[in-house]
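Everything numeric here is computed off the predicted structure, so don't read it as measured data. Chain letters run A, B, ... following the sequence lines, proteins first, then strands; residues in each count from 1.
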2 protein chains.
Amino acid sequence: AEEFRGLSPAEFFYRNREIAGFSNPVRALYQTVRELVENSLDATELYRILPDIHVRISYVSREKNIVKVSVRDNGIGIPLKEVPNVFGKVFYGSKYKLRQSRGVFGLGIKMAVLYAQMTTGSPVLVRTASPKSKNVHEFQILIDITRNEPIVVSYKTMNNTRGWHGTHVELTLEGNWSSARSRIVEYIKRTALIAPYASISFEGPGIELSFPRATKKIPVPPSVGKPHPRGVDIELLKQLIAYVNSSNQAVTLEDFLVKVFDGVGRKTARSFLKWAGYGPAISIDELSIEQLDDLARKMKGYGKWRRPRPLSLSPLGEELLVKGVRKILKPEFVTAITRKPSSYGGYPFVVEVAIAWGGDIPSVDRPLLLRFANKIPLLYDEGVDVSRKVIDGIDWSVYKIKFPAPLAIITHLCSTKIPFKGVGKEAIADVPEVERELEIALRETARRLKRHISRIERQYEVKLR
Amino acid sequence: AEEFRGLSPAEFFYRNREIAGFSNPVRALYQTVRELVENSLDATELYRILPDIHVRISYVSREKNIVKVSVRDNGIGIPLKEVPNVFGKVFYGSKYKLRQSRGVFGLGIKMAVLYAQMTTGSPVLVRTASPKSKNVHEFQILIDITRNEPIVVSYKTMNNTRGWHGTHVELTLEGNWSSARSRIVEYIKRTALIAPYASISFEGPGIELSFPRATKKIPVPPSVGKPHPRGVDIELLKQLIAYVNSSNQAVTLEDFLVKVFDGVGRKTARSFLKWAGYGPAISIDELSIEQLDDLARKMKGYGKWRRPRPLSLSPLGEELLVKGVRKILKPEFVTAITRKPSSYGGYPFVVEVAIAWGGDIPSVDRPLLLRFANKIPLLYDEGVDVSRKVIDGIDWSVYKIKFPAPLAIITHLCSTKIPFKGVGKEAIADVPEVERELEIALRETARRLKRHISRIERQYEVKLR
Ligand SMILES: Nc1ncnc2c1ncn2[C@@H]1O[C@H](COP(=O)(O)OP(=O)(O)OP(=O)(O)O)[C@@H](O)[C@H]1O
Ligand SMILES: Nc1ncnc2c1ncn2[C@@H]1O[C@H](COP(=O)(O)OP(=O)(O)OP(=O)(O)O)[C@@H](O)[C@H]1O
Ligand SMILES: [Mg+2]
Ligand SMILES: [Mg+2]
């Protein structure tokens with residue numbers, strides 16, 4: 001007979017950690033650096049703080065492949081009472097909002113803590129201080145895997161004598177530095193490309209890299225958006241109704257639509273309800289499940305909603321993208337495009353593309369592809385990424401590009417919901433709307449490159465005569 | 001300031017359902033069929049019952065794309081008190097053991113229930129009876145997403161007048177049948193290929209397929225295995241020690257190794273402990289975290305453990321694999337190999353490969369690849385699957401194969417832990433030991449095909465004279 005049991009989320013991800021990118025000491029070291037750096041960049045950028053990120057990897061024991069990873073930022077810090085859950089509870093975080101951020105799942109740092117704990121037994125060491133705080137809080141935390149709860153091994157408070165604010169995380173884990181090194185370095189470089197306003201210093205055994213910021217211009221942070229009617233389903237409606245009801249007396253259907261959804265004013269709400277066959281004054285808690293089902297279907301199908309508003313997005317913009325590409329790839333020619341906002345399933349998104357040519361770019365048999373999503377560099381699983389699919393579907397000879405050629409393509413997708421293929425955030429799924437935007441952006445920048453190549457050709461012909 | 005919250009596992013997978021394969025009504029319908037069929041095959045095969053599986057898809061509303069999916073099996077049924085959690089609690093199941101099965105995560109059916117619930121509001125309908133049971137239990141269940149708990153909408157017991165045993169699951173969901181149809185049909189066909197002892201009937205709008213079993217021979221079910229010393233880490237040691245301690249008085253280190261681990265007898269335990277520098281009589285609850293760390297490292301590094309035993313595996317075998325391929329692909333020539341068991345990270349695995357040529361196989365520019373893992377057909381994400389990688393790395397002209405050619409390759413990986421790349425179970429990661437075994441198996445079967453092609457060539461030359 002079968003034996004039944006349930007797993008806590010920590011237990012599930014402990015047993016299936018390869019699904020989150022922690023499959024072996026090479027990938028795990030890479031993923032650990034990623035998770036910490038991505039958290040640090042969110043903690044600064046989302047509050048318009050120019051990021052200063054310090055990454056240190058050092059050997060604790062070379063023969064046992066034990067390394068210490070330390071990442072320090074000047075971000076907004078973590079509130080004292082939130083620290084234990086942030087580091088010790090899987091599915092806990094502050095990124096469960098409709099707002100562009102690197103963090104999404106409330107899982108990242110917990111995976112790193114878990115991996116360190118299972119390979120060396122060491123707790124994570126955290127120091128954190130919020131801006132203007134008199135104190136720096138220092139914790140050592142382990143995860144109680146069976147219960148998915150933090151274990152606070154130690155806690156102390158120190159005077160914030162230097163008026164510091166930010167977070168400093170240290171993990172000791174089994175990690176294969178020599179094999180992971182090149183990918184980690186590439187990740188840091190590409191992070192500097194996509195966040196040229198960030199100052200990043202990286203130190204590892206035998207290597208020191210410094211990326212001072214290329215600009216002090218930092219994009220306006222995204223603000224938290226509202227759900228869009230095109231993205232509803234019955235469960236979301238139920239949750240939104242429960243949320244609205246918890247803070248108010250009887251709410252009408254019209255009020256509900258205006259209050260809760262993105263870009264729905266009185267006029268739009270009323271014309272929708274008229275079209276859908278619902279009285280505007282119906283109280284939302286009187287709705288039956290059949291009515292919710294009907295309403296969800298009609299909200300998805302209604303053609304006259306305003307398009308999702310892009311206030312919840314924070315693309316890099318053409319100027320900064322060109323700056324970042326110039327600095328890191330040192331091409332002879334680069335052009336960038338930031339498309340107007342679009343949306344899929346109610347989620348707003350923006351596609352940005354840059355094409356770089358010549359200079360320090362090596363000659364390649366097919367375009368070198370640097371992929372980014374919400375300013376995160378994606379280095380694995382290119383084979384199933386939508387960018388690769390679109391690029392391979394383009395006939396580049398139409399743009400005067402014959403391979404081998406010194407061609408690099410940079411794709412950047414920004415959204416309140418990146419259609420990642422897995423919790424390891426390595427590849428983007430081929431959502432049709434995103435695919436279409438990528439193709440338009442790629443062909444536009446390719447046309448500009450073609451004009452540049454034609455110009456070079458004409459200059460060359462002039463020279464020959 | 002940031003707002004912090006935690007999510008239940010159901011909430012997490014509701015928000016990120018595309019990661020489990022439920023990205024849109026086309027994929028969701030496909031995935032729903034998969035999850036139900038895979039559960040039914042586990043419920044029969046693991047108890048050496050010849051599977052009789054009935055799959056029905058019918059329209060509830062063609063214009064709204066609402067379909068009903070029904071899957072019925074003759075398996076061991078689900079115990080009465082387990083039914084609510086089985087259908088209503090994410091991370092709950094009976095497959096958390098070291099034994100080859102299709103189910104692994106305790107998530108599959110819950111995703112289907114969630115998707116049906118959010119697109120139509122309907123609860124899942126379940127009827128189940130265990131062998132020789134006087135009763136058939138019927139439930140209607142929804143998931144309380146916020147709490148990750150089942151909601152039993154209705155329950156009744158009926159007399160088991162026809163002496164039936166098995167499980168019958170019905171879901172009503174938004175599903176794009178016309179777009180999903182070809183993949184679902186392909187999935188059913190390939191399931192019949194890899195489980196030729198299963199009798200499968202499939203009925204959908206405008207289609208009826210029947211796959212009577214090709215044989216009554218069913219492989220010996222796998223038995224639950226023990227963990228292997230090479231697969232330990234500190235957390236696993238802690239869990240195993242806690243488990244052993246809960247049922248015994250003071251357990252010595254030697255007893256612990258012999259009792260808990262795969263293939264460790266007294267003699268092996270003692271030589272390991274001598275090599276590692278531990279007295280065999282140390283009590284396991286006296287071990288400090290430093291000692292556990294040291295022990296885990298030494299257990300992983302010790303070179304003299306017996307290889308993992310394959311009792312927990314249940315490969316198809318060459319005879320049944322050939323039978324299945326002949327029936328479904330109707331080739332002119334087919335050869336199969338079931339490799340001896342191997343292991344990675346302490347998990348035993350077996351690679352099986354078949355190569356099929358000519359007959360009904362279409363002429364293709366590169367080998368047609370049919371991938372399987374623990375008898376599950378994998379139809380997506382071929383681009384990042386280890387089988388594709390190994391096949392593309394082989395120069396087929398060496399085996400007298402010039403493309404286009406009527407060549408199909410069937411790869412099957414069996415393991416107590418398939419290195420899936422995601423919870424949607426679509427691609428296998430490129431674990432070096434698995435990659436190596438696949439290459440050996442592919443080259444061996446390719447050599448046999450080469451001999452066949454040479455034979456055909458010689459016969460042809462004889463004819464010409
Ligand atoms: N360096 C940091 N500074 C400030 N807050 C942080 C920092 N690191 C983590 N946090 C907080 O802890 C939360 C949890 O982090 P974690 O990496 O586990 O999840 P996430 O970033 O929200 O999502 P993801 O799993 O996608 O990374 C974050 O949402 C953030 O609020
Ligand atoms: N048709 C069935 N007959 C008997 N038991 C079943 C059936 N369907 C589900 N179960 C039981 O319910 C459990 C949960 O099923 P579920 O599909 O959610 O997870 P799983 O099969 O264990 O793993 P996975 O998420 O990988 O599919 C199974 O482990 C099994 O014990
Ligand atoms: Mg994070
Ligand atoms: Mg299952």
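- Contact annotation for A/Glu426: neither backbone nor side-chain heavy atoms come within less than 4.5 Å of a heavy atom of chain B.
- Ring centers of B/Phe91 and B/Phe105: at least 6.0 Å apart, outside the cut-off.
- With a threshold of 4.5 angstrom between heavy atoms, A/Leu142 does not approach chain B through any atom at all.
- Contact count against chain A (heavy-atom pairs under 4.5 Å) is highest for B/Pro9 among B/Pro9, B/Gly21, B/Gly121.
- The residue among B/Gly106, B/Gly301, B/Ser130, B/Gly93 with the most heavy atom pairs within less than 4.5 Å of chain A is B/Gly93.
- Contacts between A/Val232 and chain B at a heavy-atom distance below 4.5 Å are absent for every atom of the residue.
- Of the two parts of A/Asp381, the backbone and the side chain both hold a non-hydrogen atom closer than 4.5 Å to a non-hydrogen atom of chain B.
- For a residue to count as touching a neighbouring chain, one of its non-hydrogen atoms must lie under 4.5 Å from one of that chain's; by this rule A/Leu7 touches chain B with backbone and side chain alike.
- Neither the backbone nor the side chain of B/Arg27 comes within less than 4.5 Å of any heavy atom of chain A.
- Between A/Asp233 and B/Tyr14, the side chains place a donor N or O and an acceptor N or O closer than 3.5 Å (distance only, hydrogens not considered).
- With a 4.5 angstrom heavy-atom cutoff, A/Glu382 does not touch chain B via any of its atoms.
- Residue B/Arg388 does not touch chain A at all, counting heavy-atom pairs closer than 4.5 Å.
- To the nearest 0.5 Å, the span separating CD1 on A/Ile19 from CG on A/Leu107 amounts to 11.0 Å.
- Remark: the B/Tyr47 side chain and the A/Glu2 side chain contain an N/O donor-acceptor pair separated by less than 3.5 Å.
- With no hydrogens or angles considered, a side-chain donor-acceptor pair links A/Glu82 and A/Tyr92 at under 3.5 Å.
- Between chain A and the residues B/Val224, B/Ile145, B/Ile289, the largest count of heavy-atom pairs under 4.5 Å involves B/Ile145.
- Looking at A/Lys97, the atoms closer than 4.5 Å to chain B (heavy atoms on both sides) sit in the backbone and in the side chain alike.
- When all heavy atoms are compared, the tightest approach of A/Gly77 to A/Thr128 is CA-OG1, 3.2 Å.
- Heavy-atom distances place the side chain of B/Phe12, and not its backbone, under 4.5 Å from chain A.
- A donor atom on one side chain and an acceptor atom on the other are not found under 3.5 Å apart for A/Ser8 and A/Asn148.
- A salt bridge between A/Asp385 and A/Lys389 is absent, with no side-chain N of the basic residue lying under 4.0 Å from a carboxylate O of the acidic one.
- Of the two parts of A/Glu290, neither the backbone nor the side chain holds a non-hydrogen atom closer than 4.5 Å to a non-hydrogen atom of chain B.
- Both the backbone and the side chain of A/Leu236 come within contact range of chain B, judged by heavy atoms closer than 4.5 Å.
- Minimum heavy-atom separation, B/Ile428 to B/Ala373: CD1-CB, 3.8 Å.
- Of the two parts of A/Tyr96, the backbone and the side chain both hold a non-hydrogen atom closer than 4.5 Å to a non-hydrogen atom of chain B.
- With a 4.5 Å cut-off on non-hydrogen atoms, A/Glu18 touches chain B through its side chain but not through its backbone.
- Between A/Glu149 and A/Lys89 there is a salt bridge, since a side-chain N of the basic residue sits under 4.0 Å from a carboxylate O of the acidic one.
- Contact annotation for B/Arg5: both backbone and side-chain heavy atoms come within less than 4.5 Å of a heavy atom of chain A.
- Between A/Arg297 and A/Asp294, none of the side-chain N atoms (NZ, or NE/NH1/NH2) sits under 4.0 Å from a carboxylate O, so this pair counts as no salt bridge.
- Contacts between B/Leu237 and chain A at a heavy-atom distance below 4.5 Å are absent for every atom of the residue.
- Residues A/Ile78 and A/Val83 share a closest heavy-atom pair of CG2-CG2, 3.7 Å.
- Proximity to chain A involves both the backbone and the side chain of B/Lys421, based on heavy atoms less than 4.5 angstrom apart.
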